[in-house]
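One structure is given below, encoded as structure tokens.
Just so it is clear, the values below take in all heavy atoms, side chains as well, and ignore hydrogens, waters and symmetry mates. All of these numbers come straight from a predicted model, not from anything done at the bench.
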Amino acid sequence: MGFLDEDYLLETDAARDLYDAVADLPIRDPHSHADVVEIVEDDGWGDIWEVEGATDHYVWAMMRKRGVPEEKITGDASNREKWTALAEVFPEFAGNPTYEWVHLDLKRRFGIENPISAATADEIWEETAAQLEDDTMRPQRLLEEMGVEVVCTTDDPTSSLEYHERAATEVDGTDVLPTWRADRAVHIGHGDWDDFVDELTDATGIDTGSLDGFLDALAATHDRFADHGCRASDLSVYEPVSRPVSETRARRIYEAARRGESPSEREVEDFEAFLLEYIGSLNVEKGWVTQLHIGPVRDYREDLFERLSSAAGGTVTSGDVEIAENLRHFLNTFDGEGEIVLYCVDPTHYPTLATIARAFPNVCVGAAWWFNDSPFGMEHQLEYVGTVDLLANHAGMVSDSRKLLSFDSRFEMFRRSLANVVGRQVERGRMPMDVGLDLVEHVAYDRPGRLYGFA
């Protein structure tokens with residue numbers, strides 16, 4: 001097997017046949033961090049660093065680990081200097097999925113076979129720069145070429161959705177849909193919560209001086225997102241909290257916070273629990289999917305956060321997160337009502353998520369997320385979920401990416417990993433080939449369409 005050849009990740013004849021069946025299926029991406037402005041403006045990129053490194057904290061983290069100074073990662077060095085610094089250490093990334101993603105991008109989109117290194121840095125810089133000048137390398141043409149049917153962005157409730165309105169008429173062949181990301185609304189203990197509430201008033205024209213006004217304003221943004229084709233809400237929490245909390249209790253917490261009083265830990269949890277249930281009700285009314293991303297310990301490296309703020313590569317995981325008991329009230333409240341997708345950043349939580357999904361037909365496990373987004377992590381998760389719950393109930397792949405050019409690479413890695421997992425089961429006599437074919441096609445394409453209402 002050669003580097004990224006046709007048998008990449010495929011260990012059996014059955015896996016090769018299964019992958020061939022799904023390799024060219026269109027992409028439905030229910031969760032990404034794609035830049036809708038970038039897609040609509042369709043200006044493209046000027047160089048390979050802008051494409052591969054400028055927004056990718058996976059790349060940044062690996063560069064730091066190999067001793068590249070921050071000046072050549074997120075600092076004021078030129079893009080060419082940053083690319084050269086990346087290329088010099090890139091061979092040392094081998095074994096990490098970042099090594100494969102970037103090489104897949106170069107091979108699939110630019111036709112470049114040479115591995116990245118100090119010796120090839122200038123050649124790859126020049127070749128990609130020349131190709132990026134062509135209209136075929138603009139975002140909308142690339143989405144078409146990659147077969148992206150649907151891509152869901154991640155958007156603050158206060159967003160005007162102006163560019164989504166434009167995307168509906170200016171982007172052909174791909175539905176670019178918003179996702180209602182409620183983090184800032186829910187996290188009352190965080191520093192920018194007050195700012196969010198003020199922005200919510202500005203965005204809706206609804207007075208948020210009271211809890212009723214706040215809830216009405218949130219519902220108004222929820223309605224606006226629905227008008228623009230939104231299919232899901234998203235919430236990232238370290239540890240979910242759900243319990244019965246009265247509106248009277250939530251009102252007292254809200255009013256005190258707006259007066260500038262710092263809520264206690266219990267008050268923070270109670271407000272988050274109240275809002276989670278409120279959001280769940282809004283989602284059920286609209287037929288949206290409720291997505292919960294559980295477990296990231298954000299901004300753990302304090303120096304990195306202070307210099308570069310969030311999303312700079314300083315997040316870690318912890319196995320010390322209570323999920324089963326903390327979600328009990330929410331899941332039972334919405335038992336059989338609305339679809340719920342659970343993601344975890346720590347793989348030790350898969351048994352909990354898989355058994356919860358097994359117990360509730362309207363709950364499923366989402367794609368192997370963040371640190372698990374690799375051939376190793378995907379196969380481990382698919383095998384476990386398929387054993388405890390049902391592989392057919394898996395939510396399917398999401399890119400979770402800020403890099404449009406990588407959508408194809410990430411979905412290819414998933415589909416190859418999926419084919420490999422199912423192929424081993426076919427080869428071991430655990431299922432017939434025709435059943436395996438139906439299964440991989442379902443998980444790779446049909447399942448996200450039905451779950452999120454794309455089909």
Taking C-beta and beyond as the side chain, do [X] and [Y] meet within less than 4.5 Å on heavy atoms?
X    : Y    : value
L86  : V102 : no
D194 : R258 : yes
R301 : R64  : yes
I253 : D270 : yes
L275 : Y278 : yes
F454 : P30  : yes
R328 : E325 : yes
H164 : L177 : no

Review point. When you look at Y254 and S210, which way does the side-chain contact (heavy atoms from CB on, under 4.5 Å) test go after all the steps?
Key: CA-CA 8 Å; Y254 180 87; S210 67; 5.5 Å; no

Is it true that the side chains of [X] and [Y] contain a donor and an acceptor less than 3.5 Å apart?
X    : Y    : value
H329 : E277 : yes
T315 : H57  : no
E149 : Y445 : yes
S399 : S32  : no
Y99  : E92  : no
E339 : W288 : no
R298 : S236 : yes
N283 : H222 : yes
W180 : D234 : no
D172 : Q140 : no
N393 : R447 : yes

Run the ring-centre check on [X] versus [Y] and record whether the distance is less than 6.0 Å.
X    : Y    : result
F90  : F93  : yes
W370 : H293 : no
F407 : F411 : no
H190 : F196 : no

Indicate the atoms forming the closest heavy-atom contact of [X] with [Y], along with that distance.
X    : Y    : answer
P263 : V268 : CG-CG2, 3.7 Å
T179 : S233 : CG2-C, 4.1 Å
P178 : L161 : CB-CD2, 3.9 Å
R224 : P157 : NH2-O, 3.0 Å
F371 : V345 : CD1-CG2, 3.5 Å
L10  : A15  : CD2-O, 4.0 Å

Practice item. Could you please spell out the steps behind the salt bridge (charged side-chain N to carboxylate O under 4.0 Å, His left out) verdict for R141 and D42? Key: CA-CA 9 Å; R141 286 288 296 276; D42 205 32; over 6 Å; no

Exercise for review: Let me see the working for S281 and E285 under side chain to side chain donor-acceptor pair (under 3.5 Å), right down to the final yes or no.
Suggested key: CA-CA 6 Å; S281 298; E285 290 173 5; over 6 Å; no

Within this structure, what is the [atom1]-[atom2] distance for the pair [X] and [Y], rounded to the nearest 0.5 Å?
X    : Y    : atom1 : atom2 : value
T55  : K403 : OG1   : NZ    : 7.0 Å
L439 : M431 : CG    : CE    : 5.5 Å
L331 : L342 : CG    : CG    : 6.5 Å
R108 : M146 : CZ    : CE    : 13.0 Å
H31  : T154 : NE2   : OG1   : 4.5 Å
I206 : T221 : CD1   : OG1   : 9.0 Å

Heavy atoms from other residues, nucleotides or ligands near [atom1] of [X] exceed 12 (cutoff 6.0 Å):
X    : atom1 : answer
D320 : CG    : no
R430 : CZ    : no
D24  : CG    : no

**Study point:** Verdict with supporting geometry, E412 and R415, salt bridge (charged side-chain N to carboxylate O under 4.0 Å, His left out)
**Key:** CA-CA 5 Å; E412 178 178 343; R415 289 174 177 180; over 6 Å; no

Review point. For the salt bridge (Lys or Arg N to Asp or Glu O under 4.0 Å) test, which of R424, R16, R416 pairs with E11?
Key: R424

Review point. What do the steps show when you test E383 against Y350 for side chain to side chain donor-acceptor pair (under 3.5 Å), and what is the final call?
Key: CA-CA 11 Å; E383 288 175 344; Y350 288 148; over 6 Å; no

Check your understanding: Under the salt bridge (charged side-chain N to carboxylate O under 4.0 Å, His left out) criterion, do E302 and R307 qualify, and how do the steps go?
Key -> CA-CA 9 Å; E302 294 174 0; R307 286 187 290 119; over 6 Å; no

Practice item. Report the C-alpha distance between R249 and F274 in whole Å, list the side-chain angles of each, state the deciding distance to 0.1 Å, and finish with yes or no for side-chain contact (heavy atoms from CB on, under 4.5 Å). Key: CA-CA 9 Å; R249 166 75 168 162; F274 176 82; over 6 Å; no

**Study point:** Donor-acceptor contact below 3.5 Å, side chain S374 vs main chain G377
**Key:** yes

Exercise for review: Start with the C-alpha gap between N420 and E379, add the side-chain angles, then the distance that decides, and say whether side chain to side chain donor-acceptor pair (under 3.5 Å) holds.
Suggested key: CA-CA 8 Å; N420 207 42; E379 292 196 16; 3.2 Å; yes

Exercise for review: Take D212 and R251 through the salt bridge (charged side-chain N to carboxylate O under 4.0 Å, His left out) test and state the conclusion after the steps.
Suggested key: CA-CA 8 Å; D212 288 343; R251 182 176 291 108; 3.3 Å; yes

Exercise for review: Quick one: do W45 and E38 satisfy side chain to side chain donor-acceptor pair (under 3.5 Å)? Show the steps, please.
Suggested key: CA-CA 9 Å; W45 307 272; E38 180 180 75; 2.9 Å; yes

Review point. R184 and D156: side-chain contact (heavy atoms from CB on, under 4.5 Å), yes or no, with the steps?
Key: CA-CA 8 Å; R184 294 176 70 212; D156 192 272; 3.1 Å; yes

Review point. Are R410 and D29 within salt-bridge range, i.e. N to O under 4.0 Å?
Key: no

**Study point:** Presence of salt bridge, R166 and E41, under 4.0 angstrom
**Key:** yes

